[in-house]
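To find a chain, count down the sequence lines: A is the first, B the second, and so on, and within it residues start at 1.
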Amino acid sequence: MNKQFLKQFKKMPMACGSLVFILIISIIAILNSMGLNLSPYAFDQTTPDALQSPSFTHPMGTDELGRDLLSRVFYGAQLSIGIGIFTAIMSFVIGTIYGAIAGYCRGKVDAILMRIVDVAYALPDLLVMILIGVMIGRGTLGILLALGLVSWRGTARLVRAQFLQLHQEEFIEAARALGQSHLDIICKHMLPNSLGPVIVAVTFTVPMAILSESTLSFIGLGLSPPACSWGTLASDGWRSLRTTPHLIFFPGIFIFTSVLAFNFLGDGLRDALDPRTKASSKQFF
Amino acid sequence: MSGLTQYSNSAESTESTVGSKLTCQAACAKSWEVLDGGTRYVFHLRDDIFWSDGKKLTAKDFEYAWQRLIDPVTGAAYAHFLYDVTNAREINQGQIKDLNQLGAKALDDLTFEVRLNKPAAYFIYLTAGPTTYPLRKDIVDAHPGRWTEPSNIVTNGAFKLDSWQHEYKIDLVANDKFFLGRPKIDKIKMFMIPEQSTAFSLYQNDQLDFIDNRSFTTSDIEQCKKDPNFKTQALLRAQYLGLNTKKAPLDDVRVRKAFSMAIDKSIFPKILRRQETPMSSWVPPVLIGYEPDSGLKFDPVQARKLLAEAGYPDGKNFPKTEVLYVSREDTKLGLEAIQAELKKNLGVRIELVNQEFKVYLTTRKMHPPQVIRASWSADFPDTDNFMNVFTSESGNNYTGFKNKEYDKCVEDARGELDSVKRANLYSRADKLLCKENAVLIPLYMATQCVLYKPWVHGIDVNALDIQNYRTAYLEGSN
Amino acid sequence: MLLRVILKRMLAMIPLLLVIATLTFMVIRVVPGGPFDQERNLPPQILANLNAKYHLDKPVLEQYWLYLGRLCHGDLGVSYKYVDRTVVDIIKDAFPVSIQLGGAGLLIAILVGVPLGTIAALRRGTHIDHLAMFVSTMGLSLPLFVVGALLILIFAIWGRILPAALWESPFHAILPAVTIAFKPMAYIARLTRASVLEILQKDWVRIARSKGLSESATIIKHVLRNALIPVVTLLGPVSAVMIAGSFVVEIIYAIPGMGRFFVTAVMNRDYDLIMGITLIFSVVLVITNTIVDVLYMILDPRISYE
């Protein structure tokens, strides 16, 4: 199974390239969070050279306070990628537990839990994020909570659907007949067998979170300065598209390429796990 | 709309009035007398003013408007503007039920009399503001809760409200019957555009003729400045850091002074690029009581010394200090610069906490942190409006600063009709505030920048950011 | 049968809306700051007058009952910010605008997305396929405000062929509709591609082809008709994406729609307006999901919703 998966995956140059790209960005982010800066300037170091175009000393130019954009983009990597991955983990954990309970218990419990998901689905995402963002306040925590709260619903539905299908499988019936505990059945049999599609869905959560974070910044609910993510850099910079395009170009390119990379990675994982490429809208949400 | 008086209009005078004093001129009132040592005002109305529906304007319309403002049922947010008027406070707070007890009366159709509790040197300015504009009782009563709709509203100003799409557009048309003469342009379309860069794009594409500060970003400004039709108007809008005198480490006056002296305020016009005036005093330069050296000057050496005396040499062991602010492009840039200044000059690292506006207001009221970034826009061009902010009783004073001498200076200056004495009282109060106690760090006075097409002339923008289109006209290439 | 499903869904909407109303009501009152907080503090008595005027001086639970009572009569309350305007007034003005914008966006998304996905599937593995998928993934990979800014720059500032913003004529709707269509277009293209690929492998398509039916006839008659069924299911999530997009697009293009009013209402703590818009958005989402299910049942009779 694993070997076949790797074989399939290696056949997809886009997905492999994306994986390499994501690894590089992640290394930059990790180095940055350990205090190792790859550029000669600190991300919050102001210089008198404000709004400089890209040059040899500042490869990506400087912002209104003369801060080196390269160092800010590198610093932003840790928050953007971090927010993306943490949101994905949160959506995975909450969604899987929730969906597993609903899908395993079935009946009334399932009905109640799914009505709650219905309510969550009837509220527009951004509306929830704005309300949470305003309530919790700014900073990474508020943003993570806001994003986590809207991203688990899809995972929950997916896991539940997988579980409902698995109930009919013979090996589950067998495990039950053998008197294995509920927890064992869930953890040893049902979860591992429904993980594939869930992992694909979670991979698509990362770019969703990176983009949503930029939208929150756009509305004015972003991170506290001087901290910056690609989202805050882009939402600060997009207005100067005409006068100082480098302020939006570089953060934009990084958002674009990494979101693209995560999407390709998700596509690749899906195709590798299920070569027939099933048509289902669930994979997108 | 037009009130009893109006502010002088720079577009009508020959000399440049940028930064000069605003005075009150005749509008609906052709003249007025100040009697009884400044406690009684009698306004004589013009005989030739008509509402847009043809009815004549009388002193009764002012009486009704003022009563309605004070009536607690109206729930007017700016009712306290008239608290100087006899019985106004009592009526608004429900102690007196009879609205006719208000000290503002129509003596006859053309005479309006106002009685004050005690003299208030700034009172005349209130009659130029929109809160005291006249209203028609028959119209307000005929359309309960709907009298401001374009089809219902009746006005007496240079323009009439033609249509109003909320959060989008207001259409104004010239009022042929306007008593100071019909305005030169027939129609004005005003768009409410939430995005600065969108408005700027529309301007560049000739879809807007006139835009202001809200329509270009800091990075656009250099391009705007090249335009010969770019003008800057200094505003009475003070930007400051309020220091919490009750919270460590800023409860130590030496630390407050060190902060104040460690920020080079000349950086603001360089960073924000809108010709802001750096400030070290609280009284603005054009108002009574201003003295250039009322505040602390930039002096990093002295600042470090003071900080060391307070027990934090080179910023060592300095406790976590937070600055609360609302996220806006200019405040964020300014604060990031201040953060860098304090790090460079004192070795102190302050934390910037940005909150959404209403959350910021709640935090500021309930749990003010060490430093609050705030702004104060004048309601009327008088020093009282600024100094009142930091009295012991003020609801806008979040610094915990309570000082009897300061309160007395402000209270005495309020009714003082001798301008020299008044100026002295204010400059003393200013020194108490900015120098001796260093309760706040004045940063700069904001400006209004406007950009208009070459064919637009005669728009008047004053220091209170009131934009007057009455004298505007179009001429030249289009 | 169909009627029963629709009826059941509509009935289920009532408790759903009640829960949403309750949740939103509580959440916005927990959020710090009230509708009358402003830069300069109002004297306590004036604040009390204002609160009394809008019944905000009563206990929250009583306010809640009052609100529900009004809601039952179809009264959504008044705006605190836009004095003298009721929430119904505002929604009456703003809702048609958002519907027009969303409808135009959806049309563009379908008209571009479906052909893009079909072509990609028919040329699977070729450069055309890769290009089409790359283009549609691009739509998913940039923040909406950057897409909007780029479109304004290219078509309004440089090209001068389209208005940069505002909502004055159908002409003005083009750029915002294209911006809002970007993301759904990408979803539709990707799903169409996957769906067409699956159908192409079906035996009856091979038979139709081997019988000598022309390529275009095969595609239109047999492939697309069946392939578009799963695409219909996207309309539900797509309308949610559209609503989220409207927040950003309406701000960038200065359009007086629901999204714009919602963002301002939250910033103003305009309680009744927030509630009203949330409820309308929820109704729209529930209704589109019902329509999707009904359409799905008509298109694919094998599916039942029991």
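- The interface of residues 164-181 of chain C with chain B, defined by heavy-atom distances below 4.5 Å, comprises C:A164, C:A165, C:L166, C:W167, C:E168, C:H172.
- Contact count versus chain C (heavy atoms, under 4.5 Å) is highest, among B:G145, B:G395, B:A374, for B:G145.
- Closest of all the heavy-atom pairs between B:S201 and C:I157 is CB-CD1, 3.6 Å.
- With a 4.5 angstrom heavy-atom cutoff, C:D93 does not touch chain B via any of its atoms.
- Contacts of C:P35 with chain B are made by backbone atoms alone, with heavy-atom separations under 4.5 Å and no side-chain atom involved.
- Note: B:K358 leads B:K169, B:H143, B:K358, B:R364 in heavy-atom pairs under 4.5 Å with chain C.
- When heavy atoms are compared at a cutoff of 4.5 Å, C:I152 approaches chain B solely by way of its side chain, counted from C-beta outward.
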Give the intermediate values and the outcome of side-chain contact (heavy atoms from CB on, under 4.5 Å) for residues B:H166 and C:I90. CA-CA 8 Å; B:H166 287 260; C:I90 292 169; 5.9 Å; no
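- A search for side chain to side chain contact (heavy atoms under 4.5 Å, CB included) contacts involving C:L23 returns A:V119, C:V19, not counting sequence neighbours.
- Per-residue heavy-atom pair counts under 4.5 Å with chain C were compared for B:T148, B:V73, B:N92, and the maximum is reached by B:N92.
- Nearest heavy-atom pair across B:T362 and C:P32 is OG1-C, 3.7 Å.
- Residue pairs meeting the salt bridge (charged side-chain N to carboxylate O under 4.0 Å, His left out) criterion with at least one member in residues 256-284 of chain C, sequence neighbours excluded, are B:E167-C:R260, B:E356-C:R269, C:R70-C:D272.
- At a 4.5 Å heavy-atom cutoff, the contact between B:S375 and chain C is made by backbone atoms alone.
- The shortest heavy-atom contact between B:N205 and C:L162 is ND2-O, 4.4 Å.
- Within residues 45-68 of chain C, the residues that have a heavy atom under 4.5 Å from a heavy atom of chain B are C:Q45, C:I46, C:N49, C:L50, C:K53, listed by number.
- Residues C:T86 and B:R146 are in side-chain contact: their nearest non-hydrogen atoms beyond the backbone lie under 4.5 Å apart.
- Each of B:Q165, B:M366, B:E149 has some count of heavy-atom pairs under 4.5 Å with chain C, and the biggest count is that of B:E149.
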